[in-house]
Amino acid sequence: MAIKKTTTSKVKAVKKKVVKKRNVKLESVELRVMTAIKRQLYGILDTRAYSMQEIRRYKRDYPAEIDYRIAQDGNLLVYIEDIRRLYEKSGYSERTISRLSDVEVWEMYLRHVGAAVRTVLEKK
């Protein structure tokens, strides 16, 4: 059986497709994480309008914080295991999440909360 030699351009094309698929998967996972966090943000208080007022207040009072202190004070997820479960449900592999330390998971969550706050406030 003869082995076909592949050209470097074919190898590069295959690598680009693999990287593109990874990026698309990562983007969809990130979108699911952001959607879940937005739902949490809208549920801070009884109604969406009250929740939006509270989010605006946190952003105004704590502009230097990554998450505007909403993750710590705003009735969002506080237990690391709950946050890990959120990421696993959103599409991150259990293996990837388990490799991260608790501090890394918490910081990733804070960044996602801050990004979700900014997108929620931009829509209004």
Side-chain angles (χ1 to χ4, degrees):
M1 184 169 167
I3 299 174
K4 280 187 168 181
K5 290 186 177 181
T6 58
T7 62
T8 56
S9 61
K10 286 183 181 178
V11 171
K12 287 180 183 178
V14 169
K15 284 182 180 179
K16 282 182 183 177
K17 285 182 184 177
V18 169
V19 168
K20 190 174 183 179
K21 284 182 182 177
R22 279 191 203 143
N23 288 342
V24 168
K25 183 178 187 266
L26 185 61
E27 288 171 6
S28 66
V29 169
E30 294 285 325
L31 182 63
R32 280 181 262 171
V33 168
M34 294 293 284
T35 303
I37 292 173
K38 286 178 191 177
R39 278 193 214 120
Q40 293 172 8
L41 288 171
Y42 289 136
I44 289 176
L45 294 174
D46 295 336
T47 66
R48 186 177 261 197
Y50 288 142
S51 295
M52 291 300 292
Q53 287 176 352
E54 192 72 1
I55 292 167
R56 283 188 201 97
R57 185 184 68 79
Y58 275 108
K59 187 170 181 186
R60 184 183 61 242
D61 292 348
Y62 303 103
E65 299 286 331
I66 295 171
D67 67 326
Y68 310 107
R69 291 199 55 89
I70 291 177
Q72 294 95 334
D73 302 337
N75 295 331
L76 297 186
L77 299 177
V78 292
Y79 297 111
I80 294 296
E81 290 307 314
D82 292 340
I83 296 170
R84 287 181 191 276
R85 209 170 303 123
L86 167 78
Y87 283 116
E88 288 170 9
K89 284 182 181 177
S90 298
Y92 281 94
S93 70
E94 186 177 340
R95 183 175 166 197
T96 302
I97 293 300
S98 65
R99 285 183 182 174
L100 298 174
S101 70
D102 290 348
V103 172
E104 290 171 325
V105 171
W106 179 248
E107 288 176 356
M108 186 167 67
Y109 182 66
L110 293 181
R111 285 193 303 273
H112 281 124
V113 169
V117 166
R118 287 186 292 278
T119 59
V120 163
L121 292 179
E122 285 175 2
K123 288 183 180 180
K124 292 290 173 177

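Position 1 is the first residue of the sequence; numbering continues from there.
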### Query
Can you list the residues that meet the side-chain contact (heavy atoms from CB on, under 4.5 Å) rule with Asn75, with sequence neighbours excluded?
none
### Summary
Here the pair of heavy atoms bringing Glu88 nearest to Glu94 is OE2-CG, 3.5 Å
### Message
How long is the straight-line distance from CD1 of Ile70 back to CG of Leu76, given to the nearest 0.5 Å?
### Response
7.0 Å
### Message
Using a 3.5 Å distance criterion without hydrogens, assess whether the side chain of Arg84 forms a donor-acceptor pair with backbone atoms of Ile97.
### Response
yes
### Query
Nearest heavy-atom pair of Leu121 and Met52: which atoms, and what distance?
CD2-CE, 3.7 Å
### Message
Between Asp82 and Leu86, is the side chain to side chain contact (heavy atoms under 4.5 Å, CB included) condition met? List the steps.
### Response
CA-CA 6 Å; Asp82 292 340; Leu86 167 78; over 6 Å; no
### Task
Using the rule that two of Ile, Leu, Val, Met, Phe, Trp, Tyr join whenever any of their side-chain heavy atoms come within less than 4.5 Å, decide whether Tyr42 and Leu77 are in one cluster.
yes
### Task
Please name the pair of heavy atoms, one in Ile80 and one in Trp106, separated by the smallest distance, quoted to 0.1 Å.
CD1-CB, 3.9 Å
### Query
Can you check whether Tyr87 and Tyr92 have ring centres sitting under 6.0 Å from each other?
yes
### Task
Decide, yes or no, whether a salt bridge links Arg57 with Glu54 under the criterion of side-chain N to carboxylate O below 4.0 Å.
yes
### Task
Please confirm whether the backbone N or O of Val29 pairs with a side-chain atom of Ser90, one donor and one acceptor, at under 3.5 Å?
no
### Task
Grab the two heavy atoms, one from Tyr109 and one from Ala71, that are nearest each other, plus how far apart they are.
CE2-CB, 4.1 Å
### Message
Does the structure place the NZ or CZ of Arg69 under 6.0 Å from the centre of the six-membered ring of Tyr58, at an angle of no more than 45° from the ring's axis?
### Response
no
### Message
Applying side chain to side chain contact (heavy atoms under 4.5 Å, CB included) to Thr35 and Lys38, what does each step give before you reach the verdict?
### Response
CA-CA 5 Å; Thr35 303; Lys38 286 178 191 177; 5.7 Å; no
### Task
Write down the atom of Ser51, the atom of Leu41, and the distance for their closest heavy-atom approach.
CB-O, 3.6 Å
### Task
Assess the side chains of Arg32 and Ser28: does a donor N or O sit below 3.5 Å from an acceptor N or O?
yes
#### Entry: From CA spacing to verdict: side chain to side chain contact (heavy atoms under 4.5 Å, CB included), Asp67, Val117
CA-CA 8 Å; Asp67 67 326; Val117 166; over 6 Å; no
### Glu104 to Arg99 - nearest heavy-atom pair and separation
OE1-O, 4.4 Å
### Query
Between Val78 and Ile44, is there a shared hydrophobic cluster once you connect ILVMFWY residues whose side-chain heavy atoms come closer than 4.5 Å?
no
### Query
Side chains of Arg56 and Tyr68: closer than 4.5 Å at any heavy-atom pair?
no
